[in-house]
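Proteins get letters first, then strands, A, B, ... in listed order; numbering begins at 1 in each.
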Protein chains: 2
Amino acid sequence: MTTISRALSDHHSIGPATKQKVLKLAKKLNYQPNHLAAALRKGKSKLLGVVVPYIEGRFFPSVVHGIESAASKAGYSVIICQSNEDVAHERKNIETLLSAQVAGILVSLSRTTLDFKHFDKVRKRGIPLVFFDRTMEGDNVNAVVLNDRDGGFQSTKHLLQQGCTRIAHFAGLQHLNIYKNRRQGYLDALQLYGLPHDEELIVYCDMTLEEGMAGMRRLLELPNPPDAVFSAGDSSLLGALQLLKQRNIRVPQDVALAGFSNEGFTAITEPMLTSVDQRCEEMGQAAVRLFLELVEAKGSTFSHRQVVLQPELFIRDSSLHQNK
Amino acid sequence: MTTISRALSDHHSIGPATKQKVLKLAKKLNYQPNHLAAALRKGKSKLLGVVVPYIEGRFFPSVVHGIESAASKAGYSVIICQSNEDVAHERKNIETLLSAQVAGILVSLSRTTLDFKHFDKVRKRGIPLVFFDRTMEGDNVNAVVLNDRDGGFQSTKHLLQQGCTRIAHFAGLQHLNIYKNRRQGYLDALQLYGLPHDEELIVYCDMTLEEGMAGMRRLLELPNPPDAVFSAGDSSLLGALQLLKQRNIRVPQDVALAGFSNEGFTAITEPMLTSVDQRCEEMGQAAVRLFLELVEAKGSTFSHRQVVLQPELFIRDSSLHQNK
DNA sequence: TTGTAAGCGTTATCAC
DNA sequence: GTGATAACGCTTACAA
């Protein structure tokens with residue numbers, strides 16, 4: 001038995017002849033290793049758990065794609081769970097993954113997660129935990145995030161450079177780091193250009209098409225409406241575009257637009273939409289890389305680590321004020 | 001030990017008092033069940049393997065979403081693998097899933113899969129195998145598919161009803177059931193209207209934007225160009241639309257367009273694109289349901305079964321010949 | 001109703 | 001370099 005095991009797992013202390021014989025017979029008998037048994041014995045599986053709020057749109061599918069590719073290269077299989085933007089569900093997902101004896105867990109928080117106790121158990125068990133995109137605040141977490149603040153900054157600065165002077169912002173839920181930071185970047189840019197922080201111009205809403213339309217409608221009713229909108233999401237920006245078109249307000253001449261996520265449709269609308277790319281695939285890969293580092297460093301005094309990816313602004317017609 | 005096991009798994013023959021005591025202590029001690037050990041002992045895990053060609057666009061992410069939801073409801077965790085449209089990779093995926101001792105496997109074939117030997121092992125081991133969308137031919141498979149032929153038929157018939165008389169077709173790889181059937185539906189409709197099968201009007205290409213543009217370009221060079229295009233995919237149709245716009249050819253007045261997949265962007269283009277919806281979520285759910293039936297029927301003489309979902313044509317402006 | 005003991009397929013330890 | 005033995009955490013005959 002031992003010999004067989006050694007032959008199959010490329011162990012030292014085994015004669016090359018014996019090894020060949022074993023391998024040959026294994027193939028002939030159609031031997032199938034049982035990872036479960038190995039995991040049980042070793043106390044370490046080759047399963048990697050992933051929890052995402054949902055699997056739709058461009059972002060999460062792409063990140064998952066990146067995760068799966070990188071994990072698979074390192075010999076790990078990926079277990080996917082959806083929290084459906086619900087903490088209770090998220091808690092259950094974590095429980096499930098722990099029971100499945102995963103080697104590590106990658107999480108992007110649900111929007112209803114305000115309490116983080118369910119992650120204590122993961123840490124206590126010494127299982128590598130990496131957040132991506134939507135993360136817990138604090139230094140004692142491992143996380144891969146986008147520099148959302150810089151994304152908001154770049155985008156807004158670009159609008160300012162185009163000559164816009166009254167820039168509105170569609171802001172998402174402020175308890176989520178990503179939306180908070182995008183808003184902060186927006187404010188940074190305004191300040192750099194000496195413009196006031198005007199809460200009247202900030203619309204707090206969900207980043208959906210409908211709420212984008214509603215938000216734009218509200219902004220147009222202002223005594224002094226904006227000449228640009230920076231949205232923390234693309235769908236809401238699309239809503240704004242559609243409303244503006246309905247009212248025959250020209251984009252970008254009357255109102256310039258810039259969004260966030262670089263969704264596929266931004267290159268299809270007329271005009272095409274300027275947007276910040278989130279490096280989805282890279283984020284997935286980086287998360288796996290960080291996980292692998294944590295596995296390597298097991299037991300040693302590996303301190304927590306944040307990986308920050310640099311966003312890239314894709315400038316398209318919706319923000320180019322050629323005719324202004 | 002037995003008592004503990006019984007208490008935790010809601011077994012009969014256990015005193016309610018003992019059971020409560022056990023559960024209480026378990027909670028207090030932060031007991032975490034080990035599914036791996038249970039799976040090893042029982043010879044059956046609660047893991048469900050899924051192999052898809054890739055995780056992008058609208059279709060596969062949505063199907064995976066559906067699978068995950070349904071599986072999770074039935075107590076299964078989902079392991080995702082990508083074949084990257086490569087048989088070799090697909091073979092490896094299957095191997096991995098078998099080693100992980102999954103309870104079942106759901107597969108959508110890679111486009112390079114022409115040989116199916118790697119699935120024999122799955123069957124031989126008695127592991128439920130369900131294909132979805134891209135499936136093996138034959139009666140001895142379990143599969144959930146869309147009625148692609150009817151989708152092609154409906155779409156083409158709709159174009160004919162709009163008064164089109166020279167309808168071209170962007171056809172995908174013909175060894176894949178889905179593309180073969182969409183083409184067949186197209187031919188069915190032509191025949192119904194007494195129109196000839198004209199190979200000149202069929203462009204065999206990848207369903208990408210670029211190839212759609214190229215295909216449309218080729219069709220326009222015909223001595224007698226088409227007055228409509230039915231594409232087996234939406235991206236290639238978008239390519240056609242863009243080319244037509246470049247050349248100031250009106251859609252739908254000069255050339256009507258209809259596609260397949262009901263991608264998100266079909267409701268955003270101008271004009272919006274008519275397309276066939278593939279019921280992605282339902283397909284995922286149906287695949288899981290079929291898998292669960294196979295588990296139930298274990299050992300009994302459950303014959304193979306095909307589930308066919310009915311597509312739905314979403315009619316939008318790109319195909320409405322109001323002005324013809 | 002409860003307890004005992006065996007075994008699922010591996011691998012780590014130790015002796016040869 | 002090879003082989004016997006135990007153990008990982010759980011379930012399930014079977015005995016009490």
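- Within 6.0 Å of atom CG in Asp139(B), 12 or fewer heavy atoms from other residues, nucleotides or ligands are found, so the atom counts as exposed in its surroundings.
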>> Go through it in stages, so that I can follow the logic: the residues are Asp86(A) and Lys92(A), the test is salt bridge (charged side-chain N to carboxylate O under 4.0 Å, His left out), and I'd like the CA-CA distance, side-chain angles, deciding distance and then a yes or no.
In response: CA-CA 10 Å; Asp86(A) 174 28; Lys92(A) 221 164 144 195; over 6 Å; no
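- Backbone-only engagement by Gly15(A) is indicated by non-hydrogen atom pairs under 4.0 Å involving sugar-phosphate atoms exclusively.
- Residue-level contact check: Ser9(B) touches neither bases nor backbone, having no heavy atom under 4.0 Å from any strand.
- Nucleotide dG3(D) holds its C1' atom 11 Å from the CE atom of Met1(A), rounded to whole Å.
- Both Thr18(B) and Tyr31(A) sit near DNA chain C, but only Thr18(B) has its closest nucleotide nearer the 5' end.
- Atom NZ of Lys21(A) is surrounded by 12 or fewer heavy atoms from other residues, nucleotides or ligands within 6.0 Å.
- Within a 6.0 Å sphere centred on NZ of Lys24(A), other residues, nucleotides and ligands contribute 12 heavy atoms or fewer.
- Remark: Ser5(B) is not in phosphate contact with dC10(D), judged by side-chain N or O atoms under 4.0 Å from OP1 or OP2.
- Closest to the side chain of Ala38(B), from the set dT5(D), dT2(D), dC10(D), is dC10(D).
- Here Leu40(A) lies in heavy-atom contact (under 4.0 Å) with a base.
- Taking only distance into account, the side chain of Arg41(A) never meets the base of dG9(D) through a donor-acceptor pair shorter than 3.5 Å.
- Counting any heavy atom pair closer than 4.0 Å across all strands shown, Gln32(A) reaches sugar-phosphate atoms only and no base atom.
- The distance between atom CD1 of Ile4(A) and atom C1' of dA12(C), rounded to the nearest whole Å, is 17 Å.
- Here dT11(C) presents its P atom at 9 Å from NE2 of His35(A), a figure rounded to the nearest Å.
- Following rounding to the nearest Å, Lys19(A) (NZ) and dG1(D) (C1') show an atom-to-atom distance of 13 Å.
- Residue Thr3(A) has no polar side-chain atom (N or O) positioned under 4.0 Å from OP1 or OP2 of dT2(D).
- Atoms CD1 (Ile14(B)) and P (dT12(D)) sit 14 Å apart, rounded to a whole Å.
- Contact annotation: Thr2(B) side-chain N/O to dT2(C) OP1/OP2 distance is not under 4.0 Å.
- Rounded to whole angstrom, the span from the CZ atom of Arg6(B) across to the P atom of dT11(D) amounts to 12 Å.
- Atom CG of Leu36(B) is separated from atom C1' of dA7(D) by 16 Å (rounded to the nearest Å).
- The distance between atom CG of Asn34(B) and atom C1' of dA7(D), rounded to the nearest whole Å, is 14 Å.
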>> I'd like to know whether Gln278(A) forms a side chain to side chain donor-acceptor pair (under 3.5 Å) with Ser261(A), so could you lay out the CA-CA distance, the side-chain angles of the two residues, the decisive distance to 0.1 Å, and finally the verdict.
In response: CA-CA 6 Å; Gln278(A) 292 182 95; Ser261(A) 286; 2.9 Å; yes
